[in-house]
Amino acid sequence: MAYNMKKDIAEVLLSEEQIADIVKRIGKQISEDYCESEHLVLLCILKGSAPFFGDLVKSLDVPCEFEFMRVSSYKGDKSTGELNIILDMNREDIDKCDVVVIEDIIDSGNTLYKLKKYILDKGAKSVRLCTLLDKPDRRAEHIKGKIAIDYCGAVIPDEFVVGYGLDYNEKYRNLPYVGILKREVYEK
Ligand code: IMP
Ligand code: MG
């Protein structure tokens, strides 16, 4: 007997096929944009972007390096606005690096806004932002108009989603698609 995770999902927002198309499209864009870069660094923001990162790097046709950071601006389900760095990247040659930050989702925008500034302050040559999902309706007032998403997989409505890296209390990250979690799952 298996658990059957699908029974906890109200609606599939992005199927495996749709995700594969997104990965292909963004992979092509990044490959074209960085074909002349000497030090392209794909920065995986743990834990949520791990599956997206893993697929995206394989769709790139340009040499790149990997880096990993773990940050959080959340306590429970509330964005605190503070960027808390749990794991940092340390590179002596950051001034030569073109960094593409790979995130799972942009919600209030606090995380990516602060992270981009942090990496630029460290001295990166350039920083661009890539996110699988964007919930524009949730953007914080003070961030609206101040953050440019360079590569976006899909714009989604203001719903709590899980899967393909995204979690609810650390669970459901292993679903191969993105879906809306049934209310009864987090209200029980
Ligand atoms: P932001 O700083 O508010 O933009 O938050 C981005 C982070 O919030 C993401 O990296 C996720 O960890 C988390 N998050 C926002 N919305 C969702 C969701 O619908 N499901 C799971 N995690 C989410
Ligand atoms: Mg996250």
Side-chain angles (χ1 to χ4, degrees), residues 5-6 8-16 18-19 22-23 26 42-56 66-89 99-121 127-188:
M5 288 198 290
K6 195 143 195 182
D8 296 340
I9 301 301
E11 190 191 331
V12 174
L13 277 190
L14 284 185
S15 67
E16 288 180 71
Q18 287 170 307
I19 291 171
I22 288 169
V23 167
I26 297 181
L42 278 261
L43 172 60
C44 175
I45 306 305
L46 297 169
K47 302 173 188 172
S49 76
F52 180 43
F53 179 85
D55 286 340
L56 187 62
F66 294 178
E67 288 294 344
F68 298 87
M69 281 182 76
R70 192 170 162 211
V71 302
S72 107
S73 62
Y74 273 70
K75 276 219 168 73
D77 63 352
K78 292 268 176 318
S79 179
T80 60
E82 295 297 317
L83 183 69
N84 178 22
I85 296 172
I86 301 159
L87 172 75
D88 204 348
M89 60 162 172
V99 180
V100 181
V101 180
I102 311 299
E103 249 291 36
D104 51 1
I105 188 166
I106 174 165
D107 189 82
S108 71
N110 279 316
T111 307
L112 280 179
Y113 182 75
K114 296 234 166 80
L115 199 58
K116 181 171 181 176
K117 191 174 174 320
Y118 178 79
I119 301 164
L120 282 172
D121 287 349
V127 181
R128 280 188 181 160
L129 304 177
C130 171
T131 183
L132 174 70
L133 304 171
D134 183 3
K135 280 189 204 172
D137 296 345
R138 295 264 305 168
R139 204 73 85 248
E141 273 313 316
H142 67 285
I143 285 176
K144 277 184 191 162
K146 285 199 192 154
I147 190 166
I149 302 301
D150 303 285
Y151 308 99
C152 175
V155 171
I156 61 162
D158 180 11
E159 297 278 3
F160 192 80
V161 294
V162 293
Y164 197 61
L166 292 136
D167 70 306
Y168 165 65
N169 277 352
E170 296 296 327
K171 301 271 188 342
Y172 298 98
R173 293 193 197 274
N174 57 318
L175 276 176
Y177 50 83
V178 175
I180 300 171
L181 193 62
K182 278 185 186 165
R183 212 161 256 281
E184 66 206 53
V185 176
Y186 49 90
E187 283 176 355
K188 77 182 171 193

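Worth saying up front: this structure is predicted, and the values here are computed from it rather than measured. Indexing begins at 1, ligand by ligand and atom by atom, following the structure's order. Residues: numbered from 1 along the sequence shown.
When atom types are taken as modelled, the side chain of D150 and the backbone of L129 share a donor-acceptor pair closer than 3.5 angstrom.
At least one N or O atom of V161, backbone or side chain, sits closer than 3.5 Å to an N or O atom of ligand 1. Ligand 1 has an N or O atom lying under 3.5 Å from an N or O atom of G109, backbone or side chain.
For the ring-ring contact (aromatic ring centres under 6.0 Å, His included) test, residues two or more places apart in sequence or in another chain that qualify with Y168 are Y186. For Y177, the side chain to side chain donor-acceptor pair (under 3.5 Å) criterion is met by no residue, not counting sequence neighbours.
Ligand-side atoms of ligand 1 in range of T111: 1 (P), 2 (O), 5 (O), 6 (C), range being under 4.0 angstrom from any heavy atom. For ligand 1 and S108, the ligand atoms under 4.0 Å from any heavy atom of the residue are 1 (P), 2 (O), 3 (O), 4 (O). Counting the atoms of ligand 1 from 1 in the order shown, those under 4.0 Å from a heavy atom of E103 are 10 (O).
Looking at E159 against ligand 1, only its backbone comes within 4.0 Å, counting heavy atoms. Only the side chain of L166 comes within 4.0 Å of ligand 1, counting heavy atoms alone; its backbone N, CA, C and O stay farther away. With a 4.0 Å cut-off on non-hydrogen atoms, V162 does not touch ligand 1 at all.
Residue contact annotation: K135 has a non-hydrogen atom under 4.0 Å from ligand 1.
In plain terms, the two heavy atoms of I19 and P176 that are nearest each other are CD1-O, 3.8 Å.
For atom 14 (N) of ligand 1, the candidate residues are I105, L133, D167; the nearest heavy-atom contact is made by I105.
With R139 as the partner, the side chain to side chain contact (heavy atoms under 4.5 Å, CB included) test is satisfied by one option alone out of D107, N110, D134: D134.
One finds no salt bridge joining D104 and K47 here, because no Lys/Arg side-chain nitrogen approaches an Asp/Glu carboxylate oxygen to under 4.0 Å.
By the 6.0 Å contact criterion, NZ on K171 is open, its count of non-hydrogen atoms from other residues, nucleotides or ligands being 12 or less.
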